[in-house]
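These numbers come from the heavy atoms of this one structure, side chains and all, not from hydrogens, waters or symmetry mates. Naming convention: chains lettered A, B, ... in sequence-line order (proteins, then strands); numbering from 1 in each chain.
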Amino acid sequence: MYGKIIINSLLTLCLIIFELSFVSALPGGLNNISLILVVLVFVIGMTSLNTSLSWAILVGFILDIFSFSMFGVHLVSLFLVVLIINLLLTNFFTNRSLYTFLVLTFFATILYEFFSNFLIYLFSLFGGKYLPVFITKDFWQGELIQLFLNLLIVLIIFYSLGFIMPKLKPVFLNKKINVKK
Amino acid sequence: MIKNNNRKIIIFIAVIMLLIFLHLTRILLPVENFIFNIFNPVLKTFYSTGSSFRDNYNEKIDKKDLLEISNKLQEDNSRIIAENSRLKAIEVENGSLRKYLNFFEKEDQSFILANIISRKGLDIFSLGESVVINRGSLDGLKRGLVVVNSNGIIIGKILSTKESLSEICLVIDNDCRLAIAVQGKEDTLGIAEGELGLTIKIDFIPQTADMTEGDIVITSGLEDNIPRGMVLGKVESVNSESNKLWQSATVDSLASFDNLTMVSVLLPSE
């Protein structure tokens with residue numbers, strides 16, 4: 001059990017370091033990739049709710065330490081995203097196909113931006129800093145690029161993992177039509 | 001099972017609230033500082049690696065313009081050499097005059113070196129160009145201090161600080177504003193502001209002010225903690241219309257932002 005905790009913690013820290021410093025320095029729009037969200041979606045899909053929430057809290061906590069926004073924004077946003085994505089996975093997308101991960105990543109990206117901006121706005125009502133980023137063209141451009149890149153990364157990771165793990169066999173969603181006799 | 005899940009979620013919510021509470025009451029500060037100290041060297045290394053990718057990428061993109069830039073630089077170099085020898089003569093004369101009038105020697109500006117550990121920052125509003133360095137309020141840094149590269153060219157200003165981190169807006173960022181003057185034309189003043197993460201625009205230049213392409217733009221010294229004479233860039237174009245109250249200009253920064261890994265923060269003189 002302790003081995004599992006140590007491994008998960010180390011993987012989380014590697015992810016944070018990679019995202020914070022390496023990804024942010026990349027050129028050509030690649031710095032918009034949100035590797036944290038993509039990896040979290042896979043963690044939700046491949047492990048338990050406990051593990052996913054632990055990842056979200058550890059990642060969110062360290063991001064908040066390095067962030068200049070209100071403390072807790074990343075923590076709460078990632079926590080809520082994991083809860084909602086898990087809900088979608090267990091109730092709507094019951095298989096682990098490529099489409100499932102793509103759709104979940106799509107929702108994760110949108111929800112994370114929504115929650116983090118909403119929390120900042122709430123904080124601004126008590127005197128915090130707030131900029132209405134939604135009115136800027138740069139914001140939407142950045143969001144679209146992020147969405148596209150995240151989905152591309154999911155595709156790459158999914159097929160890479162498909163070779164290693166039988167859990168992620170690339171199957172398509174099947175619609176079963178039940179015929180009542 | 002649902003009850004079990006709900007209980008787990010409540011526990012996680014309690015953990016989150018506890019973390020936020022401990023942060024706000026600064027009980028977690030030693031832990032946060034420990035994490036900064038552990039992460040900083042690693043972040044610095046990874047950022048350098050990412051930065052070199054960025055460098056190579058930009059090099060490939062810019063290769064076709066390099067010859068043109070090289071020729072232009074050679075011309076500029078010759079002109080600067082001539083200007084430099086004239087300035088050296090003025091410096092010697094200035095030194096003698098100061099001695100005669102018994103002026104105190106101006107102290108060298110104190111500064112602190114810092115490594116860049118992340119680009120674009122982690123602020124939710126980091127739309128523009130900003131970087132994070134591994135120095136903060138514990139090192140004497142505060143909002144508004146100017147940041148320069150190894151050649152002494154201004155690259156940005158400190159936006160906000162934590163104990164061991166600071167966020168810097170680059171001069172090409174919309175949030176970065178500097179009070180500037182034109183070198184050699186003491187009456188020409190304005191406000192320089194980043195534009196689109198690519199260039200710098202100067203607004204509120206009086207119509208009567210004299211500004212031409214190629215002029216060197218420096219800090220005017222009107223802002224607290226920013227000394228006069230720090231080089232920002234060179235005027236690329238001037239937009240002057242007689243029916244407007246102000247004229248504006250576009251400035252090309254003399255600093256390169258793509259391969260920045262280390263910067264200096266000018267500390268306020270006591």
Out of curiosity, [X] [atom1] to [Y] [atom2], how far, rounded to the nearest 0.5 Å?
X: B:Ile117; Y: A:Ser24; atom1: CD1; atom2: OG; value: 9.0 Å
X: A:Leu53; Y: B:Ile16; atom1: CG; atom2: CD1; value: 8.0 Å
X: B:Phe12; Y: A:Ser54; atom1: CZ; atom2: OG; value: 3.5 Å
X: A:Phe66; Y: B:Glu167; atom1: CZ; atom2: CD; value: 13.5 Å
X: B:Arg119; Y: A:Leu20; atom1: CZ; atom2: CG; value: 15.0 Å
X: B:Glu163; Y: A:Ile65; atom1: CD; atom2: CD1; value: 12.0 Å

Check your understanding: Should the pair A:Phe71 and B:His23 be assigned to parallel (<30°), tilted (30 to 60°) or perpendicular (>60°) ring geometry?
Key ->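 Correct class here is parallel.
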Exercise for review: Apply the test side-chain contact (heavy atoms from CB on, under 4.5 Å) to residues B:Thr161 and A:Phe68: give CA-CA distance (whole Å), side-chain angles for both, the deciding distance (0.1 Å), then the verdict.
Suggested key: CA-CA 8 Å; B:Thr161 59; A:Phe68 291 89; 5.6 Å; no
Check whether [X] gets within reach of chain A through its side chain, its backbone, both or neither, counting any heavy atom under 4.5 Å.
X: B:Ser52; answer: neither
X: B:Lys162; answer: both
X: B:Leu28; answer: side chain
X: B:Ser166; answer: backbone

**Study point:** Crowding at CZ, B:Phe46 (>12 non-hydrogen neighbours, <6.0 Å)
**Key:**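 Check fails, neighbour count at 12 or below.
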**Study point:** Exceeds 12 heavy-atom contacts within 6.0 angstrom, atom CZ of B:Phe53
**Key:**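 Not more than 12 within 6.0 Å, no.
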Practice item. Output the option from A:Leu26, A:Asn50, A:Leu49 having the highest count of non-hydrogen pairs under 4.5 Å with chain B. Key: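 Top count of heavy-atom pairs under 4.5 Å with chain B: A:Asn50.
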Check your understanding: Checking heavy atoms, do the side chain of A:Leu30, its backbone, both or neither come under 4.5 Å from chain B?
Key ->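 Nothing of A:Leu30, per the 4.5 Å heavy-atom cut-off to chain B.
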Hey, does [Y] have a side-chain heavy atom less than 4.5 Å from the side chain of [X]?
X: B:Ile9; Y: A:Phe79; result: yes
X: B:Phe39; Y: A:Ile62; result: yes
X: B:Leu19; Y: A:Asp64; result: no
X: A:Phe61; Y: B:Ile35; result: yes
X: B:Leu43; Y: A:Ile17; result: yes

